[in-house]
There are 4 protein chains.
Amino acid sequence: MSDDAGIGHNSALGGIAGDRLRSFIERIERLEEEKAALLADIKEVYAEAKGTGFDVKILRMVVRRRKMDAAERDELDDLLDVYERACNALLA
Amino acid sequence: MSDDAGIGHNSALGGIAGDRLRSFIERIERLEEEKAALLADIKEVYAEAKGTGFDVKILRMVVRRRKMDAAERDELDDLLDVYERACNALLA
Amino acid sequence: MSDDAGIGHNSALGGIAGDRLRSFIERIERLEEEKAALLADIKEVYAEAKGTGFDVKILRMVVRRRKMDAAERDELDDLLDVYERACNALLA
Amino acid sequence: MSDDAGIGHNSALGGIAGDRLRSFIERIERLEEEKAALLADIKEVYAEAKGTGFDVKILRMVVRRRKMDAAERDELDDLLDVYERACNALLA
DNA sequence: AACGTTGAAATAGTTC
DNA sequence: GAACTATTTCAACGTT
């Protein structure tokens with residue numbers, strides 16, 4: 001009773017199979033650890049690139065844009081252009 | 001650039017209502033200015049506190065912690081809710 | 001009473017002026033509330049713009065880019081271009 | 001600094017070493033692929049748990065809460081440290 | 001004054 | 001499509 005999630009009975013709360021629950025939680029936490037490791041690796045690569053003289057912000061932009069296909073990329077650029085023009089139009 | 005022939009006065013550039021767009025942009029920019037001012041104020045208070053001898057890092061921790069405590073309380077309510085609803089959904 | 005006399009007691013732990021501390025904290029929290037209100041306002045404007053048919057993502061880009069001066073903006077665009085070219089260069 | 005990204009072999013475009021750049025980009029993209037795979041795995045586990053009758057929202061809460069608890073512990077250590085150091089800095 | 005660290009804010013994706 | 005959560009990006013801060 002001491003260390004469950006704050007609700008009364010432990011191993012079978014409304015039919016919860018505690019061991020099964022725990023198993024899922026652990027699997028998830030294991031995967032999240034791996035994910036954290038990968039994030040650290042990625043960070044490291046960016047850091048190394050920066051150390052070589054590259055601009056990290058731009059690198060991120062490049063990576064992000066490469067995820068899109070050409071059509072998307074073009075559409076984005078177009079839209080931005082249209083908006084900026086529209087925004088400046090009345091000044092004249 | 002290319003097809004500005006018929007536009008003349010204002011509103012429609014590439015199908016976008018430029019005046020409306022600009023209105024939104026300006027409202028946002030106005031609010032962001034206010035926000036920037038507030039951020040500056042906050043910074044100033046921290047600086048003053050520091051000048052009085054307080055450790056800014058601690059101050060930030062305290063503020064953050066108080067915010068978190070409030071959030072925690074809210075989340076607890078959520079938890080109760082969600083547990084209750086879940087009890088029905090759970091398998092035997 | 002002197003500074004280091006009563007460590008372990010409350011209102012002057014190691015010389016901390018509790019009331020002064022509290023005052024700073026409250027000022028900060030007050031400002032943070034205002035900030036939160038502004039953030040909500042900004043969000044609302046974006047929502048309204050979206051309801052009128054504008055693309056929020058692009059709107060944010062426009063706002064962000066307007067914060068920079070023309071020179072910065074150009075440099076950014078240039079850099080991105082250079083990187084993307086460099087990245088594709090070896091394919092030939 | 002003065003040493004830029006190793007021009008001299010082949011693909012210097014605008015002063016950027018394209019091959020080196022591409023190497024970084026590819027390393028990052030490789031890692032991001034792995035990350036995406038992990039995300040998919042995690043999603044799958046949640047889906048499986050859901051299929052077994054668990055409420056995904058709760059599961060996420062539990063996982064998050066456990067992560068926060070760990071973070072809390074770390075922060076407490078920090079706090080102690082920082083308070084100790086601050087005691088010296090504080091005014092009378 | 002560059003660097004990494006950390007916290008806040010924006011964005012994207014998911015679920016209902 | 002609206003709300004919520006997770007992820008990513010951005011900016012501040014102390015450190016060296």
Side-chain angles (χ1 to χ4, degrees), chain A residues 28 31-32 35-36 38-40 42-44 46-51 53 55-65 67-68 72 76, chain B residues 28 31-32 35-36 38-40 42-44 46-47 49-50 55-65 67-68 71 74-75 78 81-82 85-86 89, chain C residues 28 31-32 35-36 38-40 42-48 50-51 53 55-65 67-68 76, chain D residues 1-2 28 31-32 35-36 38-40 42-44 46-47 50 55-65 67-68 71 74-75 78 81-82 85-86 89:
Chain A
I28 290 166
L31 291 167
E32 298 242 335
K35 193 181 69 175
L38 270 176
L39 289 181
I42 292 173
K43 207 170 177 179
E44 207 181 310
Y46 277 116
E48 188 188 338
K50 179 178 187 173
D55 181 313
V56 172
K57 184 177 177 179
I58 307 287
L59 279 180
R60 288 187 187 277
M61 287 179 76
V62 172
V63 170
R64 197 173 347 122
R65 287 169 64 88
K67 274 189 196 163
M68 322 182 201
E72 279 178 283
L76 188 79
Chain B
I28 291 166
L31 291 167
E32 298 242 335
K35 190 182 71 173
L38 270 176
L39 290 179
I42 292 173
K43 211 171 175 177
E44 206 181 312
Y46 277 116
K50 181 177 187 175
D55 182 307
V56 173
K57 188 174 180 181
I58 293 183
L59 282 179
R60 287 188 186 276
M61 273 181 155
V62 172
V63 171
R64 178 157 45 92
R65 190 163 283 267
K67 214 187 291 184
M68 277 175 47
D74 293 348
E75 200 195 349
D78 261 31
D81 251 39
V82 101
R85 283 188 289 101
Chain C
I28 290 166
L31 291 167
E32 298 243 336
K35 191 181 72 175
L38 271 176
L39 289 180
I42 292 173
K43 211 169 175 178
E44 207 181 311
V45 177
Y46 277 115
E48 189 187 338
K50 180 179 185 172
D55 182 314
V56 172
K57 183 178 176 179
I58 308 288
L59 279 180
R60 286 188 187 275
M61 287 180 77
V62 173
V63 170
R64 201 172 343 123
R65 287 169 63 88
K67 273 188 197 165
M68 324 181 200
L76 188 79
Chain D
M1 308 300 200
S2 53
I28 290 166
L31 292 168
E32 298 240 336
K35 192 182 68 175
L38 271 176
L39 289 179
I42 292 173
K43 209 171 175 176
E44 207 181 312
Y46 277 116
K50 181 178 187 174
D55 182 306
V56 172
K57 189 173 180 181
I58 294 182
L59 282 178
R60 287 188 187 276
M61 272 182 155
V62 173
V63 170
R64 178 156 44 93
R65 190 162 283 267
K67 214 186 292 182
M68 277 175 47
D74 292 348
E75 199 195 348
D78 261 31
D81 253 39
V82 99
R85 282 188 291 101

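Worth knowing before you read on, the calculation uses all heavy atoms, side chains too, and leaves out hydrogens, waters and symmetry mates. In what follows, every chain begins at residue 1, and chains take the letters A, B, ... in the order their sequences are listed.
Looking at A/L76 and C/I58, their side chains come closer than 4.5 Å, going by heavy atoms from C-beta outward.
At whole-Å resolution of the value, NZ in D/K57 and P in E/dT15 are 13 Å apart. Atom CG in C/L59 sits roughly 14 Å away from atom P in E/dA10 (whole-Å rounding).
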Exercise for the section: Using a 4.0 Å heavy-atom cut-off, write out nucleotides 4-9 of chain E from 5' to 3' as B (base contacted by protein), S (sugar-phosphate only) or - (no contact). Expected result: --BSSS
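Remark: C/E44 pairs with no residue by the side chain to side chain donor-acceptor pair (under 3.5 Å) rule, at least two apart or across chains. Scanning for salt bridge (Lys or Arg N to Asp or Glu O under 4.0 Å) contacts around D/R60 gives an empty result, with sequence neighbours left out. In this structure C/K50 satisfies the side-chain contact (heavy atoms from CB on, under 4.5 Å) test together with C/V56, sequence neighbours excluded. Applying the side-chain contact (heavy atoms from CB on, under 4.5 Å) test to B/V63 and every residue at least two apart in sequence or in another chain returns B/Y46, C/I25, C/I28.
Remark on DNA chain F: of its neighbouring residues B/V56 and A/Y46, the 5'-side contact belongs to A/Y46, judged by nearest-heavy-atom nucleotide.
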Problem - Residue pair B/K35, B/E32: steps toward the side chain to side chain contact (heavy atoms under 4.5 Å, CB included) verdict - result: CA-CA 5 Å; B/K35 190 182 71 173; B/E32 298 242 335; 4.2 Å; yes
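Here CG of D/D81 is found 8.0 Å from NZ of B/K57. Values are rounded to the nearest 0.5 Å. Rounded to the nearest 0.5 angstrom, B/E75 CD and B/M68 CE are separated by 10.0 Å.
Taking a heavy-atom distance under 4.0 Å as the criterion, the stretch of DNA chain F touched by chain B extends 5' to 3' from F/dC13 to F/dG14.
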